Number of protein chains: 2
Amino acid sequence: MAAQRHYDELARQLSAFGAVKRDMARILPPDCPGGSAAVLTLLKRYGDMRMSKLAELLAVDMSVASRHVAHTADRGWIERRPDPADKRSRILTLTAEGHERMEDLNVRTTELLADRLSDWSDDEVNQLIALMTRLRDSFGDCRTTTSRGQFPAAAQAPAPTQTTRTPA
Amino acid sequence: MAAQRHYDELARQLSAFGAVKRDMARILPPDCPGGSAAVLTLLKRYGDMRMSKLAELLAVDMSVASRHVAHTADRGWIERRPDPADKRSRILTLTAEGHERMEDLNVRTTELLADRLSDWSDDEVNQLIALMTRLRDSFGDCRTTTSRGQFPAAAQAPAPTQTTRTPA
DNA sequence: TATTGTTATACTCTATAACTATA
DNA sequence: TATAGTTATAGAGTATAACAATA
């Protein structure tokens, strides 16, 4: 239980943190807004999944996820195949075009962060990641869209279909 | 210079961090959206200031700040007095009603954070605050709305007109 | 001519609710 | 009846550009 003063300061940081996100968003290509980029990133990282799972990872309502997915599907970056096990569901898959788009996004993101974090150490970045992850958990424990905690160690063990080795 | 993998993870955290902010926004009273709350918080904390300074602290374009300020002024929470030294400028001042509103906001924020951060130590909260502050600085160094760095130690020495003692 | 602030416009993101199809 | 997903609608936040008043 931290002191009142710390709460104020944390609230202030959260409030002004949007500027960082907006700076990140500025480097995105014109036809790929942040929502689409997030969809592609998660599919690249965790592999095929259903709408509901994607919505959970995005931490938004499924209606919002549906919107972003529609945008990316319209551009041919992902495919929505029917789930043979449950005809209500759709399985999302990154297409070849989607992978290309991701390469581009990765380059842009890396360039930006390499510039902005040029004087950060690995350790500091790791600390920040760990604390942000923990904060998200602390907030997410209460009101989650669905169940939460089904994906294996989301923050600890990322990077599935990175280069070679198709683990699934 | 951190590794590529860390960049990806940090970008992921930033992307999903919006959920935390939305959780914070949910506790706001109906007639006081996040933008208005931010205006009141900054005026309470740093005292009277001009539009341009407020926009800088909010880390948004002045047109956006003008909008939020208009909303709070319409409700009588702040006053916009002409600056005698520069008739183009307006000095923003928290009214008595604005102070009342801030009391309410403080209670709500504190309650929420006390709940969410119940198992956080002071030290952890401080670490997170410090790293978020540093990240904002790293990003803000490049493209700032105006000059930056005019306010004395924004993150280090907050809390001006807290309870008693009117330092100005 | 440059700067402070306001307003008009457009875009992104979000949630709620109503709806379809399937379980 | 309950769940997966889509769509319509509305609200908040933001930036750009055009504008007014003043420096």
Side-chain angles (χ1 to χ4, degrees), chain A residues 14-39 49-56 58-74 78 80-92 143-147, chain B residues 14-39 49-56 58-74 78 80-92 143-147:
Chain A
L14 287 171
S15 173
F17 215 57
V20 172
K21 286 195 67 175
R22 292 198 295 278
D23 198 26
M24 290 281 301
R26 257 186 285 271
I27 62 164
L28 297 175
D31 60 339
C32 185
S36 299
V39 168
M49 66 182 78
R50 310 199 309 176
M51 285 295 312
S52 53
K53 179 51 64 182
L54 179 64
E56 184 184 328
L58 287 171
V60 297
D61 189 87
M62 189 156 54
S63 66
V64 177
S66 181
R67 204 164 225 263
H68 295 321
V69 163
H71 186 268
T72 61
D74 287 348
I78 72 168
R80 288 181 284 195
R81 302 172 317 174
D83 183 347
D86 185 341
K87 287 174 187 169
R88 295 172 303 180
S89 283
R90 302 230 244 174
I91 306 292
L92 309 176
R143 56 159 61 229
T144 46
T145 315
T146 51
S147 54
Chain B
L14 287 170
S15 173
F17 214 57
V20 172
K21 284 195 69 174
R22 291 197 295 278
D23 197 27
M24 290 280 302
R26 257 186 285 271
I27 61 164
L28 296 175
D31 61 340
C32 184
S36 298
V39 168
M49 66 183 79
R50 310 198 310 176
M51 286 295 311
S52 54
K53 179 50 64 183
L54 179 63
E56 185 184 327
L58 287 170
V60 297
D61 189 87
M62 189 155 54
S63 65
V64 177
S66 180
R67 208 165 220 260
H68 295 321
V69 163
H71 186 268
T72 61
D74 288 346
I78 73 168
R80 287 181 284 193
R81 301 173 318 174
D83 183 348
D86 185 340
K87 286 174 187 167
R88 296 173 302 180
S89 284
R90 301 231 244 172
I91 306 293
L92 309 176
R143 56 159 63 231
T144 45
T145 314
T146 51
S147 54

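Each chain gets a letter, A, B and so on, in the order its sequence line appears, and its residues count up from 1. No experiment lies behind these values; they were computed from the predicted model shown.
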## Note on the structure
Heavy atoms of A:Ala65 and A:Leu58 approach each other most closely as CB-CD1, 4.0 Å
### Task
Send over the distance from B:Asp23 CG to C:dA15 C1', rounded to a whole Å.
14 Å
### Message
If you only use heavy atoms from C-beta on, which nucleotide in C:dT14, C:dT22, D:dA12 is closest to the side chain of A:Lys87?
### Response
C:dT22
### Rounded distance (nearest 0.5 Å) linking atom NZ of B:Lys21 with atom CG of B:Asp23
13.0 Å
### Query
C:dT6 phosphate, OP1 or OP2: any side-chain N/O from B:Arg90 under 4.0 angstrom?
yes
### Query
Hey, does A:Gly18 reach any base, or is it just sugar-phosphate, or nothing, if we go heavy atoms under 4.0 Å?
nothing
#### Entry: Flag, side chain of A:Arg80 to backbone of A:Met51, donor-acceptor distance under 3.5 Å
no
### Task
Round to a whole Å and report the spacing from NE2 of B:His71 to C1' of D:dT14.
16 Å
#### Entry: Spacing between B:Leu28 atom CG and C:dA15 atom P, to the nearest angstrom
15 Å
### Message
Between A:Arg50 and D:dA4, is there a contact of a side-chain N or O with OP1 or OP2 at under 4.0 Å?
### Response
yes
### Query
When the distance from CD1 of A:Ile27 to P of C:dT12 is rounded to whole Å, what number comes out?
17 Å
### Message
Both A:Asp86 and B:Arg22 contact DNA chain C. Which one's nearest nucleotide lies toward the 5' end?
### Response
B:Arg22
### Task
Ignoring backbone atoms, test whether B:Ser52 places a side-chain nitrogen or oxygen under 4.0 Å from the OP1 or OP2 oxygen of C:dG5.
yes
### Task
State whether B:Arg80 places a side-chain N or O below 4.0 Å from either non-bridging phosphate oxygen (OP1 or OP2) of C:dT6.
yes
#### Entry: B:Leu54 CG to C:dT4 P, straight-line distance once rounded to whole Å
14 Å
### Query
Could a donor-acceptor pair under 3.5 angstrom be found where the side chain of A:Ser66 meets the base of D:dT7?
no
### Query
Can you tell me if the side-chain N/O atoms of B:Ser89 get under 4.0 Å from OP1 or OP2 in C:dG5?
yes
### Task
Quickly, which of B:Ser36, B:Cys32, B:Pro33 forms a side-chain contact (heavy atoms from CB on, under 4.5 Å) with B:Thr72? Name it, please.
B:Ser36
### Message
Among D:dA15, D:dT22, C:dT14, which nucleotide has an atom closest to any side-chain atom of B:Arg88?
### Response
D:dT22
### Query
Where the side chain of A:Val60 is concerned, which of D:dT14, C:dT4, C:dA15 is the nearest nucleotide?
C:dA15
### Message
On the side chain of B:Ser63, is there an atom forming a donor-acceptor pair with the base of D:dT14 - under 3.5 Å, no angle test?
### Response
no
### Selected nucleotide, minimal atom distance to B:Pro33 side chain, candidates D:dG13, C:dC13, D:dA15
D:dG13
#### Entry: Heavy-atom side-chain proximity of B:Ile91 to B:Met49 below 4.5 angstrom
no
### Message
Output the rounded distance in Å from CZ (B:Arg67) to C1' (D:dT16).
### Response
13 Å
### Query
Is any side-chain heavy atom of A:Lys87 closer than 4.5 Å to a side-chain heavy atom of A:Pro82?
no
### Query
Closer than 4.0 Å, any side-chain N/O of A:His68 to the OP1 or OP2 of C:dT12?
no
### Query
Rounded to whole angstroms, how far apart are CG on B:Leu92 and C1' on C:dT6?
13 Å
### Query
How many Å lie between CG on A:Asp61 and C1' on D:dT9, as a whole number?
14 Å
